[in-house]
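Heads up, the thing below is written out as structure tokens.
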Amino acid sequence: MINLSSHPAPAYRVVVNGQDITSKISPRLISLTLTDNRGLEADQLDITLSDHDGQLAIPPRRAQVDLWLGWSDTGLVYKGSYVVDETEHSGAPDTLSIRARSADLRAELSRKRERSWHSVTLGDVLHTIAEAYSLKPVIDVVLAALPLAHQDQANESDANLLTRLAQEHDAIATIKAGHLLVTPVGAAKTASGLPLPHVQFTRTSGDNHRFLQADRDAYTGVRAHYYQPNSAERLEALIGTDDNVKTLRHVYADQASALQAVRSEWRRLQRGAATLSYTLARGRADLIPEMTFGLSGIKPEISAVVWLCRRVMHQVNESGYTVALELENQLAEDEDLAALVETQYTGVIAWYRDKDGNQQPVTEGDQTSPLRLTHLYASQASAERAVKREFGRLQGAD
């Protein structure tokens with residue numbers, strides 16, 4: 001519903017099985033919450049309505065709900081289609097709660113299968129899965145070309161296989177609008193390959209924030225086991241050091257697959273080294289996971305780096321329309337595996353995001369064997385400060 005008063009007001013539209021019910025539920029709305037997740041974790045829509053007069057009918061399960069969100073002065077943004085899978089009536093006071101999840105996630109994806117692939121690419125496997133569900137595959141070209149010597153699907157659902165393959169290749173697999181999308185984490189691109197907008201916020205943009213970084217129990221490396229072809233000997237692939245190492249449970253068919261998996265897990269751990277929760281005072285319906293953000297006016301540790309969105313929660317209630325963002329560190333696009341192996345460093349290198357969205361390097365010292373800083377910095381100045389700080393520590397350790 002759009003409010004045409006002089007002051008901007010939260011606006012929404014709800015359509016159930018093709019029927020617009022916005023005007024019917026608007027006087028009863030207690031809260032509307034949309035949680036937009038990254039990857040194959042289903043997006044979730046929760047609507048709570050007042051049933052003070054007992055006139056509300058409980059909607060049937062599997063009903064389709066389409067949602068639009070926005071503001072009276074800027075219009076509405078389509079936020080997707082959802083299928084009702086849970087309803088609850090409680091009281092007193094009497095309320096009706098409706099929970100719906102992404103319509104794109106097929107139930108068949110959860111059925112367990114047995115099959116294997118030999119000497120194929122990652123793209124071959126993903127195309128096979130997409131074809132089985134009449135999905136159009138949209139796969140990053142670099143990821144699609146990666147070779148897979150052997151891949152087993154043993155009593156495993158296609159949903160779990162997609163999630164596992166994505167994790168092993170530091171990628172995101174998701175199903176949106178009839179497409180199977182597989183892209184690198186942090187690529188910040190649309191399904192058509194266009195870059196997502198980078199958003200800049202200041203302290204005044206938000207109601208509250210929570211920044212967390214913790215070193216306790218921090219892993220110093222990641223390990224995986226694999227078998228050599230035609231051999232029963234189990235070998236080890238390690239990135240980092242084994243002081244406090246995380247060991248992956250899956251045993252891989254060859255060294256290349258094991259190295260890819262440990263590298264991807266190491267990058268995932270690096271992104272989670274610091275997290276930031278940020279709530280916008282005025283909600284924005286255009287914000288989605290995988291967008292990147294810059295934040296200023298809080299603390300230097302927060303404004304120095306680029307932040308990557310992993311979850312967006314939209315909420316409309318009597319207080320207005322707010323958006324809560326869950327953010328993690330965006331990492332630099334550095335493909336050098338040596339960046340993750342402890343050695344005698346001769347210098348330091350870091351990357352920052354320039355005004356055109358491109359990543360640029362900043363160096364200090366001899367670059368024969370540099371320490372590579374993993375986080376993507378928000379400006380050249382912040383990257384230069386980080387490089388000088390780390391180079392000073394290296395010199396002090398000599």
Side-chain angles (χ1 to χ4, degrees), residues 38 170 172 183-190 194-215 218 266-282 284 286-312 323-336 339-340 347-365 367 370-394:
R38 184 168 68 187
D170 199 34
I172 295 171
T183 57
V185 174
K189 292 181 180 179
T190 65
L194 297 175
L196 290 170
H198 177 76
V199 181
Q200 191 69 37
F201 288 131
T202 65
R203 177 74 185 246
T204 57
S205 304
D207 275 342
N208 57 68
H209 71 276
R210 184 172 183 265
F211 171 66
L212 175 65
Q213 54 183 357
D215 278 337
W266 181 257
R267 287 179 64 84
R268 189 189 69 79
L269 293 173
Q270 294 300 302
R271 278 193 297 272
T275 59
L276 177 65
S277 300
Y278 195 73
T279 302
L280 298 181
R282 175 183 164 120
R284 284 183 50 173
D286 61 315
L287 301 184
I288 58 174
E290 281 296 284
M291 292 178 73
T292 58
F293 295 85
L295 295 106
S296 60
I298 304 177
K299 288 291 183 183
E301 293 85 351
I302 296 174
S303 60
V305 297
V306 175
W307 293 93
L308 176 67
C309 185
R310 64 185 183 190
R311 178 176 288 119
V312 184
V323 166
L325 305 172
E326 291 186 15
L327 309 170
E328 61 188 7
N329 288 135
Q330 168 74 308
L331 301 187
E333 294 175 358
D334 180 17
E335 297 300 321
D336 193 341
L340 309 178
V348 182
I349 184 170
W351 288 261
Y352 69 93
R353 185 185 189 279
D354 67 17
K355 63 180 181 179
D356 297 319
N358 301 313
Q359 297 193 17
Q360 304 293 347
V362 170
T363 63
E364 186 80 17
Q367 294 299 297
L371 168 64
R372 289 170 148 80
L373 304 187
T374 57
H375 297 158
L376 179 63
Y377 289 88
S379 65
Q380 182 176 354
S382 58
E384 289 174 345
R385 285 193 294 270
V387 164
K388 290 183 182 296
R389 180 178 63 247
E390 293 302 323
F391 189 63
R393 290 176 181 173
L394 288 181

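This structure is a prediction, so every number in the text was calculated from the model and none was measured. One is the number of the first residue; the rest follow in order along the sequence.
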What are the two closest non-hydrogen atoms of [X] and [Y], and how far apart are they?
X      : Y      : result
Val387 : Ala350 : CG2-CB, 3.5 Å
Ser303 : Ser296 : CB-CA, 4.0 Å
Pro361 : Ile349 : CB-CD1, 4.2 Å
Tyr352 : Ala383 : CB-CB, 3.9 Å

Atom [atom1] in [X], atom [atom2] in [Y]: separation rounded to 0.5 Å?
X      : Y      : atom1 : atom2 : result
Ser277 : Leu325 : OG    : CG    : 9.0 Å
Arg353 : Ser382 : CZ    : OG    : 12.5 Å
Thr374 : Arg267 : OG1   : CZ    : 8.0 Å
Arg271 : Leu331 : CZ    : CG    : 5.5 Å
Leu376 : Gln360 : CG    : CD    : 10.5 Å
Leu308 : Thr275 : CG    : OG1   : 12.5 Å

For [X] and [Y], indicate whether the former's side chain and the latter's backbone hold a donor-acceptor pair under 3.5 Å.
X      : Y      : value
Glu390 : Leu373 : no
Ser205 : Thr202 : yes
Asp354 : Asp356 : yes
Glu326 : Val312 : no
Gln330 : Gly186 : yes

Measuring only between side-chain heavy atoms, which start at C-beta, is [X] closer than 4.5 Å to [Y]?
X      : Y      : result
Leu394 : Glu364 : no
Ile288 : Leu196 : yes
Trp307 : Asn329 : yes
Phe293 : Leu287 : yes
Arg310 : Val185 : no

Which residue, Leu276, Ile298, Leu295, forms the side chain to side chain contact (heavy atoms under 4.5 Å, CB included) with Phe211? Leu276

Qualifying residues under side-chain hydrogen bond (donor to acceptor under 3.5 Å, both in side chains), relative to [X], sequence neighbours excluded:
X      : value
Glu290 : Arg38
Arg385 : none
Thr279 : Asn208

Walk me through whether Glu384 and Tyr377 qualify under side chain to side chain contact (heavy atoms under 4.5 Å, CB included). CA-CA 9 Å; Glu384 289 174 345; Tyr377 289 88; over 6 Å; no

Name all pairs fulfilling the salt bridge (Lys or Arg N to Asp or Glu O under 4.0 Å) condition that reach into residues 194-206, sequence neighbours left out, sorted by first residue then second. none

Pairing residues for Arg389 by the salt bridge (charged side-chain N to carboxylate O under 4.0 Å, His left out) criterion, not counting sequence neighbours: none

Excluding sequence neighbours, so at least two apart, what forms salt bridge (charged side-chain N to carboxylate O under 4.0 Å, His left out) with Asp286? Arg284

Could you walk me through whether Ile302 and Tyr278 pass the side chain to side chain contact (heavy atoms under 4.5 Å, CB included) check? CA-CA 11 Å; Ile302 296 174; Tyr278 195 73; over 6 Å; no

